[in-house]
Amino acid sequence: MYKRQAHIDGPYRDYLVYRAIDEIDVNTIKKFLGLVSEDFGNDVYWAFRIKLYVYIWGESENLYVKKSKFDDIVEYILEHYLAEVYFSFCPHFEPNHRAESVVECQWLFYDIDNVNETVLRNLSRLSPRPVVILYSGHGAHLYYKLSRKVRTEEYKKIWQRFAKRYLTQYLNKIDKTKSGPYVLARLPGTLNCKDPENPVRTIAIFQEGDLIEVRI
């Protein structure tokens, strides 16, 4: 992977680079990727979308890798400093991000908008308890692990039923456009660079979450 000419030049660019490197949490990235992929083999692909800000302003790259190459992705993120990184929490049987290529999914994902400290504190007390809560800089992401892997059409029904039953108080804040298992979500441990001059570190909370029983 090659270096590009910087869009941000001079001492201020150097400040942003060092700040970005300091804010990226490699341990969180590796822990999350290992957690989400642990029940899948090395024969499936995981999609990453990396939106670059230092080298080419706002350009996106799509990468499709097997989990044995996750360390290469981490190195790529560190190499490109300021970047927004999105990840498919459901694997694909082909190196693409088409909905029809999703293998199976074992994680429910909810994107909750407009989260403050009070809401974030309340989310950590939810029952059932999510396994991962990510503060994305402006909102929060919840990850619940299912008791078994499910297909795309089954996933959507489970997603809707679970939200209506257990996340009632947040229904008006949940992003309904991200109800499918093929969505790309911000990768925990990376930066929110919507304002590239003020990157925000994402914060992931890992906890002993409840396994969500899937009934046939």
Side-chain angles (χ1 to χ4, degrees), residues 28-49 64-68 70 86-113 115 119-136 139-189 202 204-216:
T28 291
I29 295 173
K30 291 184 175 182
K31 182 175 182 177
F32 178 80
L33 292 178
L35 184 67
V36 173
S37 65
E38 65 182 352
D39 293 322
F40 293 90
N42 197 44
D43 57 339
V44 295
Y45 294 89
W46 302 85
F48 292 82
R49 178 169 297 158
Y64 308 97
V65 303
K66 296 181 178 181
K67 68 179 186 179
S68 60
F70 280 167
Y86 300 90
F87 169 71
S88 66
F89 53 90
C90 297
H92 299 253
F93 60 81
E94 294 178 334
N96 62 53
H97 187 239
R98 295 195 298 268
E100 59 270 22
S101 74
V102 171
V103 179
E104 289 176 313
C105 191
Q106 201 166 4
W107 294 86
L108 288 178
F109 167 79
Y110 295 94
D111 185 349
I112 301 177
D113 296 325
V115 171
V119 174
L120 191 63
R121 194 178 309 114
N122 291 336
L123 290 174
S124 67
R125 299 168 182 164
L126 281 171
S127 180
R129 286 162 57 88
V131 178
V132 182
I133 301 172
L134 174 72
Y135 177 61
S136 64
H141 298 168
L142 306 180
Y143 289 88
Y144 289 91
K145 187 172 184 178
L146 300 174
S147 61
R148 65 173 174 84
K149 300 170 186 174
V150 299
R151 295 287 185 177
T152 301
E153 58 276 8
E154 189 178 11
Y155 177 94
K156 292 181 178 180
K157 295 176 183 178
I158 295 170
W159 190 96
Q160 293 172 347
R161 288 200 305 264
F162 187 90
K164 289 179 180 178
R165 182 171 181 179
Y166 297 111
L167 301 175
T168 307
Q169 67 271 44
Y170 302 108
L171 285 178
N172 64 332
K173 290 178 174 287
I174 293 176
D175 187 343
K176 308 300 190 302
T177 66
K178 297 180 180 177
S179 62
Y182 40 78
V183 303
L184 292 172
R186 190 180 298 280
L187 182 62
T202 61
I205 302 170
F206 296 91
Q207 55 187 18
E208 292 293 330
D210 298 309
L211 192 66
I212 307 305
E213 186 67 32
V214 178
R215 291 180 172 79
I216 299 175

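Start at 1 with the first residue, then count along the sequence.
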Inset, instruction - Would you give the length of the straight line joining atom NZ of Lys178 to atom NE2 of His141, rounded to the nearest 0.5 angstrom? - result: 5.5 Å
Inset, instruction - Can you see which heavy atom on Leu146 is nearest to which on Cys105, and at what distance? - result: CD1-O, 4.3 Å
Legend entry - Flag side-chain contact, heavy atom, 4.5 Å: Thr28 against Phe206: yes
Inset, instruction - Measure the spacing between CG of Asp111 and CG of Asp175 and express it to the nearest 0.5 Å. - result: 5.0 Å
Inset, instruction - Give a yes or no on this: more than 12 heavy atoms of other residues, nucleotides or ligands lie within 6.0 Å of atom NZ of Lys176. - result: yes
Inset, instruction - Taking the side chain as every heavy atom from C-beta outward, state whether Leu123 and Pro130 have any pair of such atoms under 4.5 Å apart. - result: no
Inset, instruction - Take Ser37 and Phe70, measure what side-chain contact (heavy atoms from CB on, under 4.5 Å) needs, and give me the verdict at the end. - result: CA-CA 10 Å; Ser37 65; Phe70 280 167; 3.6 Å; yes
Legend entry - Side-chain heavy atoms of Leu126 within contact of Gln169, under 4.5 Å: yes
Inset, instruction - Please tell me if the side chains of Lys67 and Trp46 come closer than 4.5 Å, counting only heavy atoms from C-beta onward. - result: yes
Legend entry - Nearest heavy atoms of Leu184 and Ala47, plus distance in Å: CD2-O, 4.0 Å
Legend entry - Positive for salt bridge (Lys or Arg N to Asp or Glu O under 4.0 Å) with Lys145, one of Glu213, Glu208, Glu38: Glu38
Inset, instruction - Check for a donor-acceptor pair, side chain of Arg161 on one end and backbone N or O of Lys156 on the other, with a separation under 3.5 Å. - result: no
Inset, instruction - Determine, using ring centers only, whether Tyr166 and Tyr144 are less than 6.0 Å apart. - result: no
Inset, instruction - Of all the heavy-atom pairs spanning Ile158 and Val214, show the shortest one and how long it is. - result: CD1-CG1, 3.8 Å
Legend entry - Separation between SG of Cys90 and OH of Tyr155, rounded to the nearest 0.5 Å: 6.0 Å
Legend entry - Single hit among Tyr86, Tyr143, Trp159 for ring pair (Phe, Tyr, Trp, His ring centres under 6.0 Å) with Phe109: Tyr143
Inset, instruction - Could you give me the CA-CA distance, side-chain angles and deciding distance for Arg151 and Glu153, then say whether salt bridge (Lys or Arg N to Asp or Glu O under 4.0 Å) is met? - result: CA-CA 6 Å; Arg151 295 287 185 177; Glu153 58 276 8; 5.8 Å; no
Inset, instruction - Quick one: sort the Phe32 and Phe87 rings into parallel, tilted or perpendicular, breaks at 30° and 60°. - result: perpendicular
Inset, instruction - Kindly state whether the ring of His97 and the ring of Tyr182 have centres lying under 6.0 angstrom apart. - result: no
Legend entry - Rounded distance (nearest 0.5 Å) linking atom CH2 of Trp107 with atom NZ of Lys149: 12.5 Å
Inset, instruction - Examine distances only and state if a side-chain atom of Ser136 and a backbone atom of Gly139 form a donor-acceptor pair shorter than 3.5 Å. - result: yes
Inset, instruction - Could you check if a side-chain atom of Phe89 sits within less than 4.5 angstrom of a side-chain atom of Val132, using non-hydrogen atoms only? - result: no
Legend entry - Interatomic spacing from CZ in Arg148 to CD in Gln106 - rounded to 0.5 Å: 10.0 Å
Legend entry - Tyr110 vs Phe162 side-chain heavy atoms within contact, under 4.5 Å: yes
Legend entry - Flag side-chain contact, heavy atom, 4.5 Å: Leu167 against Ile112: no
Legend entry - Considering all heavy atoms, the nearest Pro181-Thr152 contact: CG-CG2, 3.8 Å
Legend entry - Main-chain N/O of Gly189 paired to Thr202 side chain as donor or acceptor, under 3.5 Å: yes
Inset, instruction - Mind checking the CG-CZ spacing from Leu142 to Arg129? Nearest 0.5 Å is all I need. - result: 12.5 Å
